[in-house]
Protein chains: 2
Amino acid sequence: MPAISDVARLAGVSKATASRALSGRGHVAEQTRKRVVQAASEIGYIASPDAASLVTGRTKNIGVVIPFVNRWFFGTVLDGIERTLLSAGYDLTLYNLPIAGPDRSRVFDFFLARKRVDAVIVIGVDLSAGEIGGLERREKPVVCIGGSGEVTARLSIDDHDVGVLAASHLLHLGHTRIAHLAGIGAMSAPRSVPGLRAAGFLEATDAAGLPLRSEDDPAGAPGAIVVEAAMSMPGGFEAGLQLLGHPAHRPTAVFAASDEMAFGLIRAAERLGLSVPRDLSVIGVDGHEHAGLFDLTTIAQSPSDQGRLAVEVALRMLGGDAQADPLPDSGAPMPTRLVVRGSTSRPAAG
Amino acid sequence: MPAISDVARLAGVSKATASRALSGRGHVAEQTRKRVVQAASEIGYIASPDAASLVTGRTKNIGVVIPFVNRWFFGTVLDGIERTLLSAGYDLTLYNLPIAGPDRSRVFDFFLARKRVDAVIVIGVDLSAGEIGGLERREKPVVCIGGSGEVTARLSIDDHDVGVLAASHLLHLGHTRIAHLAGIGAMSAPRSVPGLRAAGFLEATDAAGLPLRSEDDPAGAPGAIVVEAAMSMPGGFEAGLQLLGHPAHRPTAVFAASDEMAFGLIRAAERLGLSVPRDLSVIGVDGHEHAGLFDLTTIAQSPSDQGRLAVEVALRMLGGDAQADPLPDSGAPMPTRLVVRGSTSRPAAG
DNA sequence: TTGAAAGCGTTACCAG
DNA sequence: CTGGTAACGCTTTCAA
């Protein structure tokens, strides 16, 4: 493996000059720079990042903490991050965070505690105060996408508003028996993404005069109901079979907390012989790339943009200038938009 | 940031002893070891991996090259890798490889060329001779999962056999008009995963006396046909609309090269008013976690096991003993099994 | 503009 | 079993 001293010798300069010529820091005569670069490529020299970061304190490496890679939102955010990092010359170290348990603290206390990453991007994780404290103590920039926890830099859509928007769309169409397929923890963790969406939903249905019902309530009456399930296609499917199983109790519209849940719900409806949107209107959240295929009305967001932006924010924070607000638009929520397709319509007459 | 010299001072020993005590290499009196460990945890010391790898040449970091994170197979393999690596104390650096273009060579020539990873795991990539040469020149262990290219360590299922098995299942049921929804490149890259599956399919249909047909052939006659599409749900959907669009040309059974394609195909069939399996039998490949939800017959494999195993192989190669065969079972293919569900049946009479 | 030399934080060798 | 010391490969003062 050629070292910088080899390059220096071949180019007839000192290590110092070779370093300056190759890294672009400090002034070097154009002619010598060329000679050094030529020598380097001749022997296939590539700088050792370890040696460099040992002295500079920078690793050119960003840690990404993510709970799933196999859910569309998360995978797509990761994709956006990776692409942006690649073109900035940064490495991405992936930490697939288990929901809880000893491995989770291992990620925070061991892996992230070492000096291997310049910054951390955390996607869709509800961070505990202790975890946040640990990260901040290392003085590494932390950028969050979604999730919850009192952190300085967070990029996210307005999840409460998403809930309001979805409910309003259904109310507007004239539905009065509406269910919300919420993510796990919606009721117990009000600041989490599922919690905020559920709260927005309930606020809107309440404002419209719909009472909150439980599954045991008398059938057929107007009202809103919230059911929790895994935010995945099977989650939506299972919950859907349950929710739609009793004709008398059946809502005429459902707001699913994610498009993947909505897909599962639609399949459950079909399995039960229901037609969407004639018997059931469905609206989801995400703007999943398969939403068109299911003809699903959804509240779209742009995960890959969020990923790209998170990287830009992190790099900006790394670039010093600690005073300047690193967040674009002073931390305004990321945009969402209602995409109306064929899965929502007015309820059947009667 | 506390350094090892701080630990040494606090414990009243030399740096050398402190290092030995903490890393476990070399002999240290049990009593001093305890004192050092105690001192380390007291000041929250964590070794700098950069400094360590500078001298040992080992980074405790594995590079993973992957073309998608958002396809189930790839995401699940990644998950298995990550989990295994985490418990072995290794980091995972992710390279989301663009299919082609300058960014692709950048991954190989710049990112992987640096000394930042101890080994590389490559998932589902058709490696060129040049790319393989580059990797081998760095003398880093390379483990491939799927994909193609003449590399020493490869873990994969027998994709040719998968094609045979799928075709045989359909033939056995009595189908004589069978289509194969193949991945892109199946016909042009015979050693690739799509190529092998298609070859197996054609071998079996040919042996059964079914002629290979093109889309323009006279309708209704027995035969096998191969259509290429993206190995995703939308890919299967679009191709399905095309393939099933003309009633006269319609096959009675389709072998989709992945479960995700099969899901799309099933939706296309439903969209066209066809009933599965009455009008159309469908078999996929993967054992996708949603296969049950679509009641899909499939040839299941275990991506997360493949991921786990790839890590074990890589670590074994790293552990010296270059002579011993690092591959389990002398490189025998990974297991697959036919899971019969409701999407395949005998063709309708007539 | 260039060079010499002093680190960065470890581990590994060689004495003791 | 332990301590001193020399690397590892780079960047960065400080002088020239």
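Letters go in sequence order (proteins before strands), and every chain restarts at 1. All values reported here derive from a predicted model rather than from experimental measurement.
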Tell me which residues in residues 24-46 of chain B put a heavy atom below 4.0 Å from DNA chain C, sorted by number, or none. B:Arg25, B:Tyr45, B:Ile46
Residues in contact with DNA chain C, drawn from residues 48-62 of chain A - heavy-atom cutoff 4.0 Å: A:Leu54, A:Val55
Donor-acceptor pair, side chain of B:Arg35 and main chain of B:Ala11, under 3.5 angstrom: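 Yes; judged by distance alone, with no hydrogens or angles, the pair exists.
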Name all pairs fulfilling the salt bridge (charged side-chain N to carboxylate O under 4.0 Å, His left out) condition that reach into residues 301-311 of chain A, sequence neighbours left out, sorted by first residue then second. A:Asp305-A:Arg308, A:Arg308-A:Glu312
The complete set of salt bridge (charged side-chain N to carboxylate O under 4.0 Å, His left out) pairs with one or both residues in residues 53-73 of chain A, sequence neighbours excluded, reads none
Within 45° of the axis and under 6.0 Å from the centre of the six-membered ring of B:Phe111, does NZ or CZ of B:Arg114 qualify?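 The answer is no, since B:Arg114 fails at least one limit relative to B:Phe111.
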Heavy-atom side-chain proximity of B:Ile157 to B:Pro333 below 4.5 angstrom: no
Validation row: A:Leu155, A:Met334 side chains within 4.5 angstrom (heavy atoms):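 Yes, close enough: below the 4.5 Å cut-off.
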Using chain A heavy atoms and a threshold of under 4.0 Å, write down where along DNA chain C the contacts begin and end, 5' to 3'. C:dT1 to C:dG9
Atom pairs, N/O to N/O, protein against nucleotides 3-6 of chain D, distance under 3.5 Å?
{"residue": "D:dG3", "atom": "OP2", "partner": "B:Ser14", "partner atom": "N", "Å": "3.0"}
{"residue": "D:dG3", "atom": "OP2", "partner": "B:Ser14", "partner atom": "OG", "Å": "3.3"}
{"residue": "D:dG3", "atom": "OP2", "partner": "B:Thr17", "partner atom": "OG1", "Å": "2.7"}
{"residue": "D:dG3", "atom": "N7", "partner": "B:Arg20", "partner atom": "NH2", "Å": "2.9"}
{"residue": "D:dG3", "atom": "O6", "partner": "B:Arg20", "partner atom": "NH1", "Å": "3.2"}

Results of salt bridge (Lys or Arg N to Asp or Glu O under 4.0 Å) for A:Arg9 - residues two or more places apart only: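 Listed in chain order: A:Asp6.
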Residues in salt bridge (Lys or Arg N to Asp or Glu O under 4.0 Å) with A:Asp126, at least two apart? none
For B:Phe68, check ring-ring contact (aromatic ring centres under 6.0 Å, His included) against everything at least two apart and list the hits. B:Phe74
Judged by modelled atom types alone, do B:Ser53 and B:Thr56 share a side-chain donor-acceptor pair under 3.5 Å?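 Their side chains do not contain a donor-acceptor pair, so the 3.5 Å distance test is not met.
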Is the closest basic N to carboxylate O distance between A:Arg191 and A:Glu150 below 4.0 Å?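 The answer is yes: the pair qualifies as a salt bridge.
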Could you check A:Val77, A:Thr84, A:Asp79 and say which one makes a side chain to side chain contact (heavy atoms under 4.5 Å, CB included) with A:Ile81? A:Val77
Assess whether side-chain contact (heavy atoms from CB on, under 4.5 Å) is satisfied between A:Leu94 and B:Leu92, documenting all intermediate values. CA-CA 6 Å; A:Leu94 184 72; B:Leu92 185 169; 4.2 Å; yes
Bend angle of the helix from C:dT1-D:dA16 to C:dG16-D:dC1, from helix axes over five pairs at each end, nearest 10°: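 Here the local axes at opposite ends form an angle of 30°.
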For A:Arg154, all residues meeting side chain to side chain donor-acceptor pair (under 3.5 Å), sequence neighbours excluded: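 A:Arg154 satisfies side chain to side chain donor-acceptor pair (under 3.5 Å) with no residue once adjacent residues are dropped.
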Could you give all pairs that pass the side-chain hydrogen bond (donor to acceptor under 3.5 Å, both in side chains) test and reach residues 115-125 of chain A, with sequence neighbours left out? A:Thr59-A:Asp118, A:Arg116-B:Asp91
